[in-house]
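In what follows, a structure is listed as structure tokens, so that the remarks can point back to it.
Numbers restart at 1 for each chain; the letters A, B, ... are given by sequence-line order, proteins then strands.
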Amino acid sequence: MERTELQKEKIGVELKGIKAINPVNNEEISVWVADYVLTGYGTGAIMAVPAHDERDFEFAKKFDLPIIEVVKYSGVPALAGENLPKGRTPERAYAGEGTAVNSGFIDGLSTAEAKEKITKWLEEKHIGKKSVNYKLRDWVFSRQRYWGEPIPLVYCEKCAKRKPKILLIHGLGGNPQENWFPWFKKQMEDRSYEVIIPDLPKSETLYPKDWLNKLAKLNITSNDDLFVVGHSLGGPAACQFILKNNLPVHKLILVAPVGKSSDWQHLKQYDFSDKEIATIARFGNVPVDFVKLKNLVTESTLYFSEDDPYIPLKIKNDYEDLDGAVRIFKDKKHFGSHWGITELPDILEEFLTSLNFGWVPVSEKDLPVELPKVKKYEPTDTGESPLAAIEKWVKTKCPKCGGEARRETDTMPNWAGSSWYFMRYTDPKNKKEFASGKNLKYWMPVDWYNGGMEHNNLHLLYSRFWYKFLYDIGAVPKECGDEPYKKRTSHGLILGEGGEKMSKSRGNVVNPDDIVARFGADTLRVYEMFMGPFEQAIPWDEKGVVGVFRFLERVWKLQDKLKVKSDKLKVAVESPKLERLVHQTIKKIGEDIEAMKFNTAVSALMILVNEMAAQENLPITNYQLLITLLAPFAPHLAEELGEKFGNKKSVHLEKWPEYDPKLVVEEEIDLIVQINGKMRDSVRVKADIGEEEAKKFATESEKVKKWIEGQKIKKIIFVKGRLVNIVV
RNA sequence: GCCGAUGUGGCGGAACUGGCAUACGCGUGCGACUCAAAAUCGCAUUCCCGCAAGGGAUUGUGGGUUCAACUCCCACCAUCGGCACCA
């Protein structure tokens with residue numbers, strides 16, 4: 001843990017008397033024990049490249065080790081002024097790509113070429129081989145809590161002790177003593193598994209029935225727990241054996257199995273006779289009922305090797321319908337002792353980690369598993385879930401053997417249940433399935449999903465997993481696509497007054513219910529929109545809420561300006577200025593909503609309301625427009641006002657108003673006059689004023705005259721509809 | 001340390017594609033209404049100098065490009081978030 005502390009100074013000690021030899025140039029390298037190397041990653045032993053890795057550089061500098069440059073920055077300085085990546089300096093390692101230097105036969109190559117060449121060279125000399133390291137992080141889904149969805153598994157001691165029989169079927173002309181078979185048998189027997197490797201008939205001409213008859217004599221029945229391995233010709237034989245005898249198999253592994261998509265003529269070069277080739281083809285061509293096989297086999301894996309001289313890689317397509325995992329090796333040839341393959345650790349690992357028979361799924365008719373109804377639940381001392389202490393619930397019967405079993409007491413995190421609710425929403429009353437294909441097709445994917453930061457980290461991860469899983473098993477129709485959402489956004493946090501994150505311990509939590517009780521839901525809603533940019537974290541400000549409240553009150557009070565409607569002498573006169581502003585506001589709010597700039601949309605509404613309030617009296621048409629514009633922001637108020645002023649149906653069903661493009665542009669503008677880029681005056685002019693006229697106005701302005709007096713005008717810049725800049 | 005984001009009045013923030021910096025709201029001050037207070041309405045409000053007219057400075061800091069920079073370029077600083085030495 002100590003090494004994760006900030007900026008820890010590197011320490012190290014040299015292993016005197018030990019040197020490593022660089023296998024490429026046979027030079028000696030000193031060996032050090034250092035504390036900045038992660039033991040858990042790779043072998044825990046590393047080769048340091050001081051000139052091109054920051055940490056190695058630091059280490060080398062501290063202990064005065066040679067720093068040899070082997071990569072030179074070689075970018076082309078394309079455009080003048082473009083910032084170049086920096087190369088190595090005495091203060092800093094260069095970690096980028098470039099051209100190899102001081103590197104013998106790879107000098108002059110680019111980083112990518114050099115990597116390729118040196119890898120190939122090492123492989124040819126059998127000094128090393130290419131490998132890929134993956135960065136993985138452990139991820140725990142379960143939680144030690146009372147609440148949360150129970151995981152429907154029980155643990156049965158009796159079932160855990162069950163050891164399946166392992167049946168291994170060898171290949172053409174094979175026997176139990178060849179290849180990795182004896183090693184595998186011993187490994188598994190050491191772990192008290194029963195391993196059967198029958199010695200099957202050898203002959204140039206063989207028929208599948210020759211082998212199947214012999215296998216039938218083994219007395220393997222469907223009551224046996226079974227693992228099956230088939231090597232080469234034993235692959236198709238294994239499939240047929242399982243199918244013919246209806247044997248449930250926990251795990252099937254086919255190692256370089258024979259398939260149907262080859263004519264096997266290439267085997268001649270390896271001294272296979274025509275009869276042997278015919279035998280192989282005969283085994284490979286027997287049709288396999290993969291649907292049935294899949295039902296019998298719980299899990300399956302196929303092993304192939306890229307350099308297998310006998311089995312071409314394309315054979316894996318013959319087994320596609322088995323839906324098994326496929327593992328492709330680079331250098332295992334035909335997985336035989338002939339090529340020195342007398343051990344196969346991968347297969348051992350696969351069995352040992354594959355199935356734990358102690359864990360038995362709750363049978364479908366007993367789903368869902370519900371939490372026990374108890375008066376109280378308390379944490380345990382053992383670190384187990386509180387559920388573990390509720391003995392009555394924990395003890396149950398094993399669905400498999402009927403013996404005593406214990407339930408899983410961890411539960412799923414509460415995110416689990418919320419990972420697919422949006423699909424259920426499409427068909428919430430469906431009793432047969434979580435949602436019908438028809439409804440899913442209609443609604444999914446979600447057009448727009450918004451949530452906070454937490455949502456983006458966790459819910460996004462889980463819900464996509466859930467969705468993709470349901471999609472893969474066909475529960476979500478293909479038409480919906482393999483992603484649950486079209487668009488995702490996340491809103492910012494509302495911080496407590498004072499700018500810190502709201503939390504009970506800080507005592508700065510604001511309860512929205514209180515705000516609603518005091519100011520109404522509309523005020524809260526408009527305030528949240530108004531407080532700042534959507535995605536930004538902003539402190540709560542109670543005084544700001546008051547401002548929004550006043551704004552909504554002002555909207556309400558505007559009704560007073562409509563009273564004159566009945567007075568014929570004072571019929572509301574439409575103000576051209578207001579008319580223009582109304583249309584500009586329609587445009588602005590429409591655009592702002594699209595761009596999720598709700599704060600400026602509210603601001604535009606406020607400006608409009610201020611202008612309306614400044615009128616002697618207000619045309620009802622303008623007020624009705626305001627109500628419509630207000631609807632997305634203050635839905636309750638807008639609905640009530642809408643009903644009061646002539647709406648037959650809900651204001652929320654109304655069409656968004658259209659603006660008149662002619663009214664959006666101003667007729668007159670304030671033309672800015674600058675001297676050397678500084679604003680000195682502004683002139684009220686027609687918006688479409690031309691260059692000559694504008695310059696005339698500008699130079700004739702009294703204020704401007706004062707500034708240019710006695711100065712030489714170098715040039716005058718005119719920006720249409722905006723300004724005139726006089727350079728003196 | 002690396003990666004990312006952000007930095008504009010007393011505060012939340014606005015500014016299209018480089019073209020009036022500080023919209024809108026809060027707060028504050030003054031005034032109207034009131035016996036008084038609250039509410040409401042009006043005016044003012046970036047800072048500095050000035051009674052005023054007016055002038056100067058200003059978008060984290062320093063520099064650059066441009067007639068013109070919150071906006072583009074370079075360097076630096078600070079704050080927030082993520083990651084934890086994965087060679």
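- Using atom P as the reference point in both B/A15 and B/C70, the two lie 15 Å apart (nearest Å).
- Of the listed residues (A/V704, A/V673, A/I672), just one forms a side chain to side chain contact (heavy atoms under 4.5 Å, CB included) with A/V683, and that residue is A/V673.
- Using a 4.0 Å cut-off, some side-chain N or O of A/R680 falls inside it from OP1 or OP2 of B/G56.
- Note that OG1 of A/T119 and NZ of A/K117 are 12.0 Å apart. Values are rounded to the nearest 0.5 Å.
- Toward the 5' end of RNA chain B, the nearer of the two residues A/G547 and A/A48, judged by each one's closest nucleotide, is A/G547.
- In this model, a donor atom of one side chain and an acceptor atom of the other lie less than 3.5 Å apart for A/D522 and A/H636.
- In this structure, CD1 on A/I118 lies 5.0 Å from CD1 on A/I106, to the nearest 0.5 angstrom.
- Look at the P atom in both B/C47 and B/U59: the space between them is 16 Å, to the nearest Å.
- Note that CG of A/D660 and CD of A/Q584 are 11.5 Å apart. Values are rounded to the nearest 0.5 Å.
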Atom pairs, protein N/O to nucleotides 27-29 of chain B N/O, distance under 3.5 Å:
from	atom 1	to	atom 2	distance (Å)
B/G27	OP2	A/R550	NH2	3.0

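- A/I593 CD1 to A/M529 CE: the interatomic distance, rounded to the nearest 0.5 Å, is 7.0 Å.
- A distance of about 9 Å separates the C1' atoms of B/G13 and B/G25, rounded to the whole Å.
- Residue A/W540 is out of contact with every strand shown, counting any heavy-atom pair closer than 4.0 Å.
- Atom CD of A/E594 has 12 or fewer heavy atoms from other residues, nucleotides or ligands within 6.0 Å.
- Taking atom CG on A/D56 and atom P on B/C2, their separation rounds to 16 Å, with Å as the unit.
- Place A/I607 and A/K703 on RNA chain B by their nearest nucleotides, and A/I607 ends up nearer the 5' end.
- When Watson-Crick and G-U wobble pairs are counted only if both distances are under 3.5 Å, B/U71 pairs with no nucleotide at all.
- Using a 4.0 Å heavy-atom distance criterion, A/K714 is classed as making no nucleic acid contact.
- Put simply, A/N610 has no side-chain N or O that comes within less than 4.0 Å of OP1 or OP2 on B/A23.
- Between A/K678 atom NZ and B/G55 atom P the separation is 11 Å, expressed in whole Å.
- Atom CD1 of A/I620 and atom CD of A/Q624 lie 5.0 Å apart (nearest 0.5 Å).
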Reading nucleotides 11-21 of chain B 5' to 3', which nucleotides get B (base under 4.0 Å from a protein heavy atom), which S (sugar-phosphate only), which -?
-BSSSB--BB-
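- With its glycosidic angle more than 90° from 0, B/G63 adopts the anti conformation.
- In this structure, CG of A/L671 is placed 19 Å from P of B/A68, rounded to the nearest angstrom.
- Pairing of B/A38, defined by two Watson-Crick or G-U wobble distances under 3.5 Å, is not identified with any nucleotide.
- Using Watson-Crick or G-U wobble geometry with both donor-acceptor distances under 3.5 Å, B/C80 finds its partner in B/G4.
- Of the inter-residue distances, the one linking A/F519 atom CZ with A/Y527 atom OH reads 11.0 Å to the nearest 0.5 angstrom.
- Under 3.5 Å, the side chains of A/S463 and A/Y449 contain no donor-acceptor pair of N or O atoms.
- At whole-Å resolution of the value, NZ in A/K557 and P in B/C41 are 5 Å apart.
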